[in-house]
There are 2 protein chains.
Amino acid sequence: MEKSSVEVKAKFIRGFGDKTRLQILESIRRSEKTVSQIVAELNGNQSNISQHLACLKGCGIIVSRQEGKYIYYSLRNERIDQLLDVMEAVFAQVAEEVSACDMNDELDC
Amino acid sequence: MEKSSVEVKAKFIRGFGDKTRLQILESIRRSEKTVSQIVAELNGNQSNISQHLACLKGCGIIVSRQEGKYIYYSLRNERIDQLLDVMEAVFAQVAEEVSACDMNDELDC
DNA sequence: GTATTATATTAGCACCGCCTAATATGTGTG
DNA sequence: CACACATATTAGGCGGTGCTAATATAATAC
């Protein structure tokens with residue numbers, strides 16, 4: 001049986017909902033990067049990064065192109081870039097609001 | 001030890017990354033709703049919905065106000081509303097691109 | 001060809017998130 | 001007060017997700 005649209009959408013969003021993946025996205029935002037560049041930059045584990053890249057690609061968030069023995073990853077398009085901006089802006093505002101005013105609310109689930 | 005900003009941000013985003021929570025957000029988008037209204041609308045389980053509401057509130061995505069024995073939930077502010085719009089737009093475009101052109105890529109992780 | 005580098009895949013494990021059922025708390029009503 | 005209704009919390013099971021280590025594939029260099 002097929003996944004409902006809202007389920008697929010949730011999965012898409014979850015693509016952004018991980019610390020390491022957010023860092024990868026920040027890393028390749030300005031310019032495409034190879035896996036090893038990302039691994040070096042994030043001081044990460046090659047296998048781990050590779051799996052997160054596969055996840056991001058599977059979610060349609062990034063794309064890859066091969067050049068010789070290197071594989072370059074970059075954001076799928078400019079709208080993903082915009083989405084990252086909006087997420088950051090809204091998060092920054094909410095985080096400030098929450099930590100500054102509402103002593104009751106916390107950012108834990 | 002404190003959670004890094006990017007970890008908190010990931011958690012914030014994950015607030016949107018669940019089918020039921022997305023449905024709740026759609027439900028309360030237009031106008032605030034009580035828990036029982038949401039439960040009825042989504043044909044859901046009261047305990048389950050209540051937990052998701054706590055999660056959304058904890059993530060700073062929604063707020064609540066009490067009126068008598070009812071508790072009304074609504075989006076925290078208009079920027080959350082905008083974010084939902086942008087997410088939907090980008091997702092729709094990506095979903096179309098992925099399913100139409102790239103036969104290789106799939107929306108699975 | 002073999003060796004080396006770049007990346008992907010697999011397996012196993014721990015942990016976290018989601019669900020359901022049951023129970024608790026809180027608020028109004030008779 | 002007891003009772004009904006609205007919501008929250010707890011406990012337990014279960015599947016998914018992220019991590020590491022090891023192995024596999026693919027491309028280049030020698």
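Below, chain A is the first sequence line, B the second, and so on; all start at residue 1.
In this structure, CG of Leu22(A) is placed 16 Å from P of dT17(D), rounded to the nearest angstrom. One atom, CG of Asn45(A), and another, C1' of dA22(D), lie 11 Å apart when rounded to the nearest Å. Between Asp18(A) atom CG and dT17(D) atom C1' there is a gap of 9 Å when expressed in whole angstrom units. A straight line from CG of Leu53(B) to C1' of dC18(C) spans 14 Å, rounded to a whole angstrom. Following rounding to the nearest Å, Glu7(B) (CD) and dC19(D) (P) show an atom-to-atom distance of 10 Å. His52(B) places its NE2 atom 17 Å from the P atom of dT7(D), with the value rounded to the nearest Å. Residue Lys11(B) contributes atom NZ, which lies 12 Å from atom C1' of dC15(C) at whole-angstrom precision. Atoms NZ (Lys57(B)) and P (dT7(D)) sit 13 Å apart, rounded to a whole Å.
Scanning atom types as modelled, one donor and one acceptor separated by under 3.5 angstrom connect the side chain of Gln51(A) and the base of dT20(D). Contact of Gln46(A) with dA8(C) (side chain to base): a donor-acceptor pair of N or O atoms is detected under 3.5 Å. The base of dT9(D) lies close enough to the side chain of Ser47(B) for a donor and an acceptor atom to sit less than 3.5 Å apart.
For the residue pair Lys57(B) / Ser64(B), a side-chain donor-acceptor distance below 3.5 Å is found, with atom types taken as modelled. Under 3.5 Å, the side chains of Ser47(A) and Gln51(A) contain a donor-acceptor pair of N or O atoms.
Contact check for Tyr73(B) versus Ile24(B): no side-chain heavy atoms found under the 4.5 Å cut-off. Contact check for Gln93(A) versus Asn77(B): side-chain heavy atoms found under the 4.5 Å cut-off. Using a 4.5 Å heavy-atom cutoff, the side chains of Asp85(B) and Arg29(B) are in contact.
Only Gln66(B), Gly68(B), Lys69(B), listed by number, bring a heavy atom of residues 66-75 of chain B to less than 4.0 angstrom from any atom of DNA chain C.
When the side-chain nitrogen and oxygen atoms of Arg14(A) are compared with OP1 and OP2 of dG16(D), none of them lie within a distance under 4.0 Å. Regarding contacts with the backbone of dC19(D), a side-chain N or O of Thr20(A) is found under 4.0 angstrom from either OP1 or OP2.
Tested against Ile61(A), the residues Leu53(A), Leu84(A), Leu83(A), Ile80(A) include a single side chain to side chain contact (heavy atoms under 4.5 Å, CB included) partner, Ile80(A).
Counted within 6.0 Å of CZ on Arg30(B), heavy atoms from surrounding residues, nucleotides or ligands total 12 or fewer; the atom is thus considered open.
Among the heavy atoms of the strands lying under 4.0 Å from Ser36(A) are primed sugar atoms or P, OP1, OP2 only; no base atom is included.
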